[in-house]
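Report on the structure given below.
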Amino acid sequence: MKVGVFDSGIGGLTVVKSLLEQKLFEEIIYYGDTARVPYGSKDKNTIIRYSLEALEFFKNFDLDIVIIACNTASAHAISELREVSNIPVIGVIEPGVLACSQTITDKNSNILVLGTKATIGSRKYETSLKQMGYKNLISIPTGLFVPIVEEGIFEGNVLNSALAHYLEELKNIDAVILGCTHFPLIEKEISQYLGGCTTIHSGDAIVRYLKDEHNYDKNFKETKVTFFASENPESLKNTARKWLGSLLND
Ligand code: DGL
């Protein structure tokens with residue numbers, strides 16, 4: 001089984017990490033649109049256009065499935081992508097909502113959704129969670145976390161200022177949905193800042209979703225991963241080596 005994994009930049013590597021840990025695929029083709037990241041500050045039409053172009057990139061690879069490892073693209077472009085694709089296209093929002101409902105069973109819990117401006121603006125998480133009966137939802141666009149993570153800053157003053165800027169006023173949060181695949185890279189810092197609350201992570205959510213909803217139970221000995229980027233692929237590969245370490249074969 002060969003999967004294409006797409007994100008606007010390096011964030012989707014957090015999804016690749018979960019896929020590699022579970023050895024779910026024989027081959028992963030990763031594409032980061034690093035020339036045009038961030039998507040989260042763009043409007044819907046631009047996000048759709050960029051996402052369709054990314055899908056086009058995967059055309060030559062004879063894939064079995066594509067995972068949109070970007071909440072922003074999943075929130076705004078998933079139906080357009082599915083319409084033009086002849087293989088399954090899976091986004092991260094639906095798996096994230098399901099993972100939340102499986103992890104947080106008390107509907108009165110205080111759930112915080114963090115994401116880019118475009119993801120939060122789409123209200124996709126909120127609408128689905130409300131339909132499931134969750135009453136106490138707070139959504140905050142935290143787009144600054146994206147360039148901070150792209151810059152390789154995972155701790156220290158700059159990150160602490162951004163955490164304070166966005167989250168200072170919040171109290172008694174039970175769970176936070178990391179509604180952007182860049183955010184698991186600063187998962188511990190976000191959770192600690194919020195008093196050690198539970199985190200919902202797109203990568204883990206996708207794995208669970210593939211297993212539970214698609215009965216996908218493959219387990220390959222090894223996964224071959226090839227990285228592509230629309231700009232500076234070397235930098236993306238370096239980040240991948242740092243972040244995925246021994247999970248990569250070469
Ligand atoms: N990693 C992407 C997401 O999950 C978005 C980052 C961006 O391009 O703004 O939303």
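Note that this is a predicted model, so its numbers are computed, not measured. Residues: numbered from 1 along the sequence shown. Both ligands and their constituent atoms are indexed starting at 1 by order of listing.
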Using 30° and 60° as the class limits, which term best fits the ring planes of Phe6 and Tyr39: parallel, tilted or perpendicular?
tilted
With a 4.0 Å cut-off on heavy atoms, does Cys70 reach ligand 1?
yes
Going by atom types alone, do Thr116 and Thr119 pair a side-chain donor with an acceptor below 3.5 Å?
yes
Measure the distance from atom 1 (N) of ligand 1 to every protein heavy atom, then report the residue, atom name and distance (to 0.1 Å) of the closest one.
His182 ND1, 2.7 Å
Ligand 1 versus Val37: contacting region, heavy-atom distance under 4.0 Å
side chain
Starting from atom 9 (O) of ligand 1, find the nearest protein heavy-atom neighbour and note its residue, name and distance.
Gly40 N, 2.8 Å
Min N/O separation Thr181 to ligand 1 under 3.5 Å:
yes
Checking heavy atoms under 4.0 Å, the part of Thr72 that sits near ligand 1 is both
closest protein heavy atom to atom 3 (C) of ligand 1 is Asn71 N, 3.2 Å
Once you restrict to heavy atoms under 4.0 Å, what part of Cys180 touches ligand 1? Side chain, backbone, both or neither.
both
Starting from atom 7 (C) of ligand 1, find the nearest protein heavy-atom neighbour and note its residue, name and distance.
Tyr39 N, 3.3 Å
Among Tyr30, Tyr31, Phe228, which residue meets the ring pair (Phe, Tyr, Trp, His ring centres under 6.0 Å) test with Phe61?
Phe228
Any nitrogen or oxygen of Asp7, main chain or side chain, under 3.5 Å from a nitrogen or oxygen of ligand 1?
yes
So among Ile47, Val92, Val89, which one has a side-chain contact (heavy atoms from CB on, under 4.5 Å) with Ser74?
Val92
Are His214 and Tyr209 an aromatic pair, judged by ring center distance below 6.0 Å?
yes
Using distance alone, with no hydrogens and no angle criterion, decide if Ser8 and Asp33 have a side-chain donor and acceptor under 3.5 Å apart.
no
Salt bridge or not between Arg36 and Glu53? Use side-chain N to carboxylate O under 4.0 Å.
yes
